[in-house]
Enquirer: 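The structure under discussion is supplied below as structure tokens; questions concerning it will follow.
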Amino acid sequence: MRWEDWKPFYLRIVREMGYSIEEDRKAAQILRALLLEGDEYILRDELEAIVEKKAYVFGAGPSLEKALKEFDFSDGTLIAADGATSALLENDLVPDIIVTDLDGRIPDLRIANDRGSFMVVHAHGDNVDKMTSYVPLFSRVLGTTQTEPLDIVYNFGGFTDGDRAAFLAEELGAREVVLVGFDFGNVVGRWSKPHLKEHSPVWESKRKKFEFAKELLEWLEKNGRARLVYL
Ligand SMILES: Nc1ncnc2c1ncn2[C@@H]1O[C@H](COP(=O)(O)OP(=O)(O)OP(=O)(O)O)[C@@H](O)[C@H]1O
Ligand SMILES: Nc1nc2c(c(=O)[nH]1)N=C(CO)CN2
Ligand SMILES: [Mg+2]
């Protein structure tokens, strides 16, 4: 997704969600500095090399558990949206890539990263403390932002971890993107937040996030080069 296409979505998102563009911009600069300090950052090419023609993107909806037990995912690249990582690990799958704003279960993100997952860490105005604590603990990290891209901090489009993962897959060459556990709706999957013990009724800010995520995925379906399939 080009910046000109993303910008109008982003301006609507900050207005509706009450975010600060300045705080989001500062967060991108902080992530850039953390990446340069740590020397574990990767560039787009390195991730592009592991994205196959088919990519599975795992969201944290309640249907994820059954899908993980029922289907075989060995013919494509596995991309987990944040909390979905925990469900994959429970089912003995290691994501090739994890797309996260660091509010999933950090110990699970670290286990997956130690087992080989590439990390795509998103900077925004509300996760600066988490970035500062956890980015130095990861290896193989690509940085993303929702404001203007910087040299080593990318913006491929998308808002929530799930739809951002689909935009990343498309941008890096996948031509079939299979969305697993993307239920949206009124129930948030239990993997979505570390404090959730059960699938839970959707709360207001999450409902708004789901609405934007759905709209962005519709945009990608119409304008992207990949076929989107909901499993
Ligand atoms: N019913 C659902 N419950 C949870 N996630 C869902 C659901 N349907 C689709 N998803 C997708 O799965 C992704 C899982 O990511 P996760 O909830 O861990 O983080 P997130 O996007 O950072 O959300 P938040 O900012 O609210 O933590 C979501 O971003 C969303 O795109
Ligand atoms: N400022 C800000 N930006 C975000 C946030 C958030 O909570 N605050 N959450 C996101 C993932 O859903 C993506 N972007
Ligand atoms: Mg998250």
Side-chain angles (χ1 to χ4, degrees), residues 6 9-28 30-31 56-68 79-89 95 97-106 108-109 112 119-131 134 143-147 155-169 177-196 198-218 220 228 230-231:
W6 168 244
F9 278 107
Y10 177 59
L11 294 178
R12 277 176 53 215
I13 288 167
V14 287
R15 200 173 339 118
E16 176 79 20
M17 304 297 296
Y19 299 155
S20 153
I21 298 176
E22 266 324 294
E23 293 301 313
D24 282 349
R25 282 201 184 115
K26 268 193 231 159
I30 290 167
L31 177 58
Y56 293 95
V57 176
F58 298 92
S63 71
L64 177 61
E65 195 150 38
K66 186 158 173 275
L68 286 173
I79 308 179
D82 212 2
T85 304
S86 302
L88 265 73
L89 292 176
I97 301 172
I98 298 171
V99 174
T100 177
D101 65 347
L102 302 177
D103 59 4
R105 289 186 179 81
I106 298 293
D108 288 347
L109 300 186
M119 309 302 294
V120 175
V121 173
H122 190 62
H124 61 62
D126 297 294
N127 74 349
V128 169
D129 290 351
K130 288 190 168 113
M131 287 195 302
Y134 305 129
T144 63
T145 174
Q146 52 203 18
T147 53
N155 185 341
F156 303 124
F159 174 40
T160 73
D161 293 322
D163 63 289
R164 246 184 303 109
F167 276 89
L168 173 124
V177 176
V178 183
L179 299 160
V180 188
F182 276 70
D183 308 321
F184 297 118
N186 295 319
V187 184
V188 178
R190 68 184 165 90
W191 309 277
S192 189
K193 288 268 180 273
H195 64 266
L196 292 182
E198 304 290 340
H199 303 324
S200 303
V202 70
W203 52 95
E204 194 45 35
S205 61
K206 193 74 168 180
R207 185 191 298 283
K208 285 187 196 165
K209 285 185 175 183
F210 282 176
E211 288 308 315
F212 280 117
K214 280 191 280 186
E215 197 183 329
L216 281 155
L217 288 171
E218 278 164 24
L220 185 61
L228 297 196
Y230 286 82
L231 198 68

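Here the structure is a predicted model, which is why all the values come from computation and not from measurement. Remember, it's 1-based here, ligands and their atoms both numbered in the order they're listed. The figures here come from the full heavy-atom set of this structure, side chains too, leaving out hydrogens, waters and symmetry mates.
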Enquirer: Below 3.5 angstrom, do we get any N/O pair linking Trp203 and ligand 1?
Expert: no

Enquirer: If I apply the N/O under 3.5 Å rule, does Gly189 come out as touching ligand 1?
Expert: yes

Enquirer: How far apart are the closest heavy atoms of Gly181 and Ser63, and which atoms are they?
Expert: CA-OG, 3.5 Å

Enquirer: Do any N/O atoms on Phe182 end up under 3.5 angstrom from N/O atoms on ligand 1?
Expert: no

Enquirer: Of the listed options (Gly61, Ala60, Gly158), which comes nearest to atom 14 (C) of ligand 1 when hydrogens are ignored and any heavy atom counts?
Expert: Ala60

Enquirer: Judging by distance only, is a nitrogen or oxygen of Arg164 under 3.5 angstrom from one on ligand 2?
Expert: no

Enquirer: To check your reading of the model: name the closest protein heavy atom to atom 28 (C) of ligand 1, its residue, and the distance in Å.
Expert: Gly162 N, 3.9 Å

Enquirer: Taking distance alone, with N or O pairs closer than 3.5 Å, would you say Phe210 contacts ligand 1?
Expert: no

Enquirer: Measure up the Phe182 and Phe184 rings against each other and bin them: parallel (under 30°), tilted (30 to 60°), perpendicular (over 60°).
Expert: perpendicular

Enquirer: Classify the contact between Ser205 and ligand 1 as side chain, backbone, both or neither, using a heavy-atom distance cut-off of under 4.0 Å.
Expert: neither

Enquirer: If you measure every N/O of Asp126 against every N/O of ligand 2, is any gap under 3.5 Å?
Expert: yes

Enquirer: Does Trp191 reach ligand 1 with a nitrogen or oxygen that is under 3.5 Å from one of the ligand's nitrogen or oxygen atoms?
Expert: no

Enquirer: Measure Gln146 to ligand 2 on non-hydrogen atoms and call it side chain, backbone, both or neither using the 4.0 Å cut-off.
Expert: side chain

Enquirer: Just to be sure I'm reading this right: ignoring hydrogens, which of Leu216, Thr85, Asp161, Val188 gets closest to atom 20 (P) of ligand 1? Compare them by their nearest heavy atoms.
Expert: Asp161

Enquirer: Mind checking whether Val187 contacts ligand 1 via backbone (N, CA, C, O), side chain (CB onward), both or neither, at a 4.0 Å heavy-atom cut-off?
Expert: backbone

